[in-house]
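The figures that follow rest on heavy atoms only: side chains count, while hydrogens, waters and symmetry mates do not. Chain letters run A, B, ... following the sequence lines, proteins first and then strands; every chain starts at 1.
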Amino acid sequence: MRASGKLLWAYAACFYSLLYLPILVLIVLSFNDAPAIGFPIQGLTTRWYADALAGGQVMQALGNSLSIGIASAALGTLLALATALGLRRSPRWRGVMLPLLLVPIITPGIVSGVLMLVFAGMIGLPYGLWTTAFPAHVTWVLPFAFLTLHPRIEQLDRALEEAAMDLGARPRQVLSHVVLPVLQPALIATVLFSFTVSFDEFVRTLFVIGGARTMPVQLWISLQQHAGPFIPAMGVVIMLISMLVAALGFFISHHASARSLQPQS
Amino acid sequence: MTRHLLGRRDMMLLGAGLPLLGANAASAQSPTSLTVMIPNIAVNGKLREIAEAQARVKIVDDPFVSTPDTVSKVLAPGGTSRYDLIMAQSGYSRVPMLGPKAGAEKAAPLDLSKIPNAANVADLFKPDIVSRDGVTYGLPYFIGYDSVVYNADVISDKDPYTQSWGMIFDDKYAGKIAWFDTAVQMLTAAALYLGKTAPETMTPDEVADVGKFLISKKKNVRTIWTTFSQAASLLSSGEVLCAYGSIPVRMELQQQGKNFTNAWPKEGVLSFVSDLYIPKDSTHLDAAHALFNTLIGPPYVDQLATVSGYLPANKLAGAGLSEEQKLRAGFGIYTGQTKATPLKLPTALNVWIETWSKVKSA
Amino acid sequence: MTARSAARSFGAELLPILPGGLWLLVFAVVPFFFLIVMSLWTATVFGIEPEWTLESYRTVFADPVYVLIVLKTLRISLVSTVISLLVSYPLAMFLARMQGRAKAMFLFALFLPFWSSYLVRSFTWLPILGRNGLINHALISAGVMSAPIDALLFDEFAVYVGLVYVYTLFMTLPIYLSLDRLDPALGEAASDLGGRPVQVFRRVTLPLSLPGVWSGCTMVFLLSVGAYVTPSLLGGTSGIMVGNVIAGQFLESNNWPLGAALSVLVIGMVIVSVTLAGMRVGLRQLFLGQGR
């Protein structure tokens, strides 16, 4: 056991080094005084940060991305949780729900974007962050939230719930006092994951966002129409701010859950 | 298309009405918000300030992806009421924007009395005015051109070899070439190089031959780029020496002090004229006309070339530049000093796109 | 059970899955059917006409090029799913064994790179793998080689690097979550009873993690099939995937019916290949939870 533990540590070290290599490169390139993204290093500068932040467009886009990301992660996880719990109790609906859940992932991004555009046109929905982009994000996030939560929920020990029931707990109490606390770490991970999925989405959003911008849409327009030497700096800024927001969320949820769990423990 | 697709005009009217409500409430004092689909580079920064101040509007720009995409979005259900001003290449957009018959136009008829700058359209680009039965629907905005962009530190611009599209096909720079991922542009450039005079009229067999030629030259190609930043990055990092290039790429590299330039191929640069249209059901016709007029007149046109590298399709363009500067910027196209082949919509577009897919997957 | 209580329990059963089901019905299933309808309509220069035709499907099957691209896409996606699984599984095990604050830190560190935006992240591989990039530079200055290797970038290899990198999180997370619940005592008990580590892994750990593995593989495989940015950025002249071809139909010609027909082809081939694989390995049973 101990030997395999060391092996895992060594593996994790390699894994994280590779995972962070591009991030390191990104940070280095964000200070490179070159006309386009890439090596060689031609001098150091901080002007790309000034360029990236100029005009406030980036901050606005980042704000949009964060709010739509948080909202669609919350709704997506909620829908996924209800669906996964429901399917656990009544497995006969799986045959219907599982294929439904895969439809959004299986449809190529550009096609989803075009379909949403046609759909919005047919029902006369104006384009915008909340009118069209938000539903598109929730639809995109939902299957991922489900696929992350589902294995965990399937493995929930039924004996736990049955014991609670035997002790006279009502279904709602079982849910809030037994099931949810057990699922809590998985739920936090799923919300973070859903946020990440939404935060990266751009093809579907691009078609129906209208005049608003999310961060990836803003980035894509820059990549599409400019040489974009400031893009690495933009990437660093985005990462720092989302890190702060996520750390805050992490901290708050950790505290809240620690407090809510106290009476039971 | 809209009519057939829905058969529910009332829904459409509802759709058109919703944004209207919002706009009316706000339009009392503040400038009218206009939704446009124009490349960001032309309505950004200083150019946006000029346009907004002169036309007294607020520009809301929806992401511009490509001409076919822009046209598809206008043709989609409800599309003609979503935008107030759009840009599309005249060669591609003329037919779909005019529609199959009189009355089926997707663009609003232009009131030329509100667009006095229409008189400034350069003679060369008069054929790109889109009209039917004496009514004008679209006017030339700017011209862009594609050529070979190359690293002049390594490749001397005195080398006569640089004056041909062969640079991105022949073996001379094998492994140091990048192509652009679009069917029409790449196949047209190759066809010109192979000596075809009117590439857009090629038969499917001829297109297939051009495709075979490209497949045979693929071994010389390092990669096929899709975004401007990718092209700039490939050139600037030395990954490739020459690339199928559009002008904004060269402009940005030059503005950063790099020695890049573009070839003037003897087969002709590929030029394309982009027109402006006001979609048929725009709810801000007056403001849209005002912005239209601003975008094709001074001082906006003077700035456009310097900022974006696109050349205004306008008699007043290039004022204040020396003859040499004008030639370098591509104004030679206006006078015939620089050979240009207008990019036209192929008659068998589907065959072209399928052929390009084959080239890429070969 | 009386009829009324049956109806009530039916309602209670349906209630939790109803919101998700309805949402998907409106925003995924209805558009999906419209996709099929659109693939059967006529493309003209003036847009789509709702006149039924099989023309788009005729085009798709007239030349083997499209089917070949889809097959190639499925192959690339399968390989990158397998690589991704091999890379992510040990890390998921590692994370599952961590405790308390360290676990939270490592989890957070796993998420962090994914907030730099997918586009930026894909783009950074160019300066790493490129001719004058980091790896070539390092190898040359270390004296390992005299000339840069071109094979690092703009081929299938680079596509695998890109896909595995951008989708690691999608594989690691569900596996970690299914392993996390495993009682470490279980493994220790098994090894105390004389099970060798390999045996313990095969008999205890692996079977219990299978639902997570299935989730991760589903996500990575389907995401890779639809990949568009990564292959076009890193694949060079040989890494093209079907996502790029579909994009062309929407962005370069406004032939929506052909784009729709191509999507239907991809989706059909994905369903067929997953079903076939499922029949062989019994995936369905795995996913449905150990044949309950």
Within 6.0 angstrom of B/Lys358 NZ, more than 12 heavy atoms from elsewhere: yes
Flag side-chain contact, heavy atom, 4.5 Å: C/Phe154 against B/Leu234: yes
Residue part contacting chain C, namely of B/Leu345, when any heavy atom lies under 4.5 Å: neither
Whether C/Arg131 side chain and B/Val240 backbone form a donor-acceptor pair below 3.5 Å: no
Engaged part of B/Ile224 at the chain C interface, taking heavy atoms whose separation is under 4.5 Å: both
Chain C contact via B/Val65 - which portion, at a heavy-atom distance below 4.5 Å: side chain
pair B/Gln230-C/Leu233: side-chain heavy atoms closer than 4.5 Å: yes
Contact class of C/Leu234 relative to chain B, heavy atoms under 4.5 angstrom: neither
Test item: B/Lys106 and C/Phe46 side chains (from C-beta on) under 4.5 Å apart, heavy atoms: no
Distance-minimising heavy-atom pair for B/Ser357 and C/Val245: OG-CG1, 3.9 Å
Minimum-distance pair of heavy atoms, taken over all atoms of C/Ser232 and B/Thr226: OG-OG1, 3.7 Å
Winner by heavy-atom pair count (cut-off under 4.5 Å) against chain C, out of B/Asn350, B/Asp181, B/Val359, B/Thr67: B/Asn350
Flag side-chain contact, heavy atom, 4.5 Å: C/Val65 against B/Ser361: yes
Any donor-acceptor N/O pair, B/Lys360 side chain to C/Ile240 backbone, under 3.5 Å: no
Distance, nearest 0.5 Å, that separates OG1 of C/Thr44 from CG of B/Leu75: 8.5 Å
Sub-4.5 Å side-chain heavy-atom contact between C/Leu153 and B/Arg222: yes
C/Val45, part contacting chain B, at a heavy-atom distance under 4.5 Å: both
Which atoms of C/Glu51 approach chain B - backbone, side chain, both or neither, heavy atom under 4.5 Å: neither
Atom pair OG1/CG of B/Thr355 and C/Asp63 - distance to nearest 0.5 Å: 9.0 Å
Note, B/Thr182 side chain near C/Glu252 side chain (heavy atom, < 4.5 Å): yes
Under 4.5 Å from a heavy atom of chain C, the part of B/Ser233 involved: side chain
Structural part of C/Asp155 lying under 4.5 Å from a heavy atom of chain B: neither
Among C/Asn132, C/Asp150, C/Leu68, C/Thr59, residue most engaged with chain B (heavy-atom pairs, under 4.5 Å): C/Asp150
Flag side-chain contact, heavy atom, 4.5 Å: C/Trp256 against B/Ser72: yes
Contact origin within C/Asn255 toward chain B - heavy atom pairs under 4.5 Å: side chain
